[in-house]
Amino acid sequence: MDPMTQSTQISSSQGIDGQNSAAAAKDSKPSDSFLSSSSVSLIQSPQVIDLIHWRDPKKSGVVFGLSMLLLLSLAAFSFISVASYLLLALLCVTITFRIYKSVVQAVQKSNDGHPFKALMEKDVSIPPETFRKHVDKSLTYINRALKQLSRLFLVEDLVDSLKLAVVMWLMTYVGAVFNGITVLILGDILLFAIPPIYEKNKTQIDQYIDVARTQVNSTMAKLQEKLPGTMKRSKTE
């Protein structure tokens with residue numbers, strides 16, 4: 001083969017590969033959209049998914065019952081009162097058990113020792129590596145949230161800022177009807193109720209979601225066409 005032709009083919013193939021890699025890098029760039037999927041990454045762990053899908057009904061029932069009891073207690077009493085009562089109940093249980101075991105040991109004349117000896121010998125300190133790992137992970141989420149807030153409130157993207165404005169406007173009506181604890185109670189109920197319902201009716205629900213997503217996307221596309229700032233930015237790109 002002619003060396004000139006071979007070099008031309010090599011350079012053209014490198015150019016195509018470079019364009020493909022650049023396109024792949026562009027597509028793989030994380031989206032900074034207001035409705036980004038990263039906002040739900042905290043509840044995607046297998047343990048949480050198994051819990052809210054009631055894989056183990058006993059465990060899910062205990063967690064749901066305790067969370068509802070805690071939220072209802074916070075709705076009726078202050079946080080200080082709820083925390084004090086919980087700690088007082090824990091102390092009553094441990095002190096009663098300690099006295100009971102001491103009486104049993106005195107009657108039976110046994111030398112079993114402290115009933116919580118095995119628990120007291122466990123190391124409950126947090127290793128520095130684990131602490132730094134969680135701090136670094138939390139810092140990542142904090143920086144991401146700060147970046148999103150700066151984008152939205154400084155109107156980097158007019159459509160995303162308008163979305164936030166609509167959400168905040170709707171939240172004013174929610175706040176006028178419910179307080180924070182009531183919203184948390186409703187959220188706890190929905191968190192444990194929606195996943196099993198969705199699993200049983202996945203096909204029908206997905207159809208309705210696709211229709212709603214299509215309507216929202218068409219509405220947002222029409223809105224973007226009417227916004228001069230968005231049109232100008234799309235032309236420059």
Rounded to the nearest 0.5 Å, how far apart are [atom1] of [X] and [atom2] of [Y]?
X: Leu184; Y: Met68; atom1: CG; atom2: CE; answer: 10.5 Å
X: Gln47; Y: Lys59; atom1: CD; atom2: NZ; answer: 8.5 Å
X: Lys202; Y: Ile209; atom1: NZ; atom2: CD1; answer: 9.0 Å
X: Leu66; Y: Leu71; atom1: CG; atom2: CG; answer: 11.0 Å

With the 4.5 Å side-chain cut-off for hydrophobic clustering, are [X] and [Y] part of the same group?
X: Ile189; Y: Val63; answer: yes
X: Ile197; Y: Leu186; answer: no
X: Val177; Y: Val183; answer: yes
X: Met168; Y: Leu149; answer: yes

Asp136 bridged to Lys133 by N-O distance under 4.0 Å: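 So Asp136 does not pair with Lys133 through a salt bridge.
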So which atom in [X] and which in [Y] form the shortest heavy-atom distance, rounded to 0.1 Å?
X: Val82; Y: Phe77; answer: CG2-CB, 4.0 Å
X: Leu86; Y: Leu70; answer: CD1-CD1, 4.2 Å
X: Leu51; Y: Phe192; answer: O-CE2, 4.0 Å
X: Leu191; Y: Ile52; answer: O-CB, 3.6 Å

Tell me, do Val159 and Lys163 make a side-chain contact under 4.5 Å, heavy atoms counted?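 A side-chain contact exists here, since the closest heavy-atom pair is under 4.5 Å.
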Taking the side chain as every heavy atom from C-beta outward, state whether Asp188 and Ile185 have any pair of such atoms under 4.5 Å apart.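 Not touching, per the 4.5 Å side-chain cut-off.
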So, the side chain of [X] versus the backbone of [Y]: is there a donor-acceptor pair under 3.5 Å, distance only?
X: Trp54; Y: Pro195; value: no
X: Thr172; Y: Trp169; value: yes
X: Glu156; Y: Ser150; value: no
X: Asn201; Y: Gln204; value: no
X: Thr182; Y: Phe178; value: no
X: His114; Y: Phe116; value: yes
X: Thr130; Y: Ile126; value: no
X: Ser161; Y: Leu152; value: yes
X: Ser60; Y: Pro57; value: no

Begin with the C-alpha distance, continue with both residues' side-chain angles, and end with the deciding distance and a verdict on side chain to side chain donor-acceptor pair (under 3.5 Å) for Ser81 and Ser78. CA-CA 5 Å; Ser81 298; Ser78 65; 3.0 Å; yes
Would you find more than 12 non-hydrogen atoms of other residues, nucleotides or ligands less than 6.0 Å from Leu170 atom CG?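 Yes - once you tally the heavy atoms of other residues, nucleotides and ligands closer than 6.0 Å, there are more than 12.
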Can you list the residues that meet the side chain to side chain donor-acceptor pair (under 3.5 Å) rule with Asn143, with sequence neighbours excluded?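 Testing Asn143 for side chain to side chain donor-acceptor pair (under 3.5 Å), a comparison that skips the adjacent residues, returns none.
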With a 3.5 Å cut-off and no angle check, do the side chains of Thr94 and Arg98 form a donor-acceptor pair?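 Not at all, the side chains of Thr94 and Arg98 share no donor-acceptor pair under 3.5 Å.
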Residues two or more places apart in sequence or in another chain: which of them pass ring-ring contact (aromatic ring centres under 6.0 Å, His included) with Phe153?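 Checked Phe153 against ring-ring contact (aromatic ring centres under 6.0 Å, His included); zero matches.
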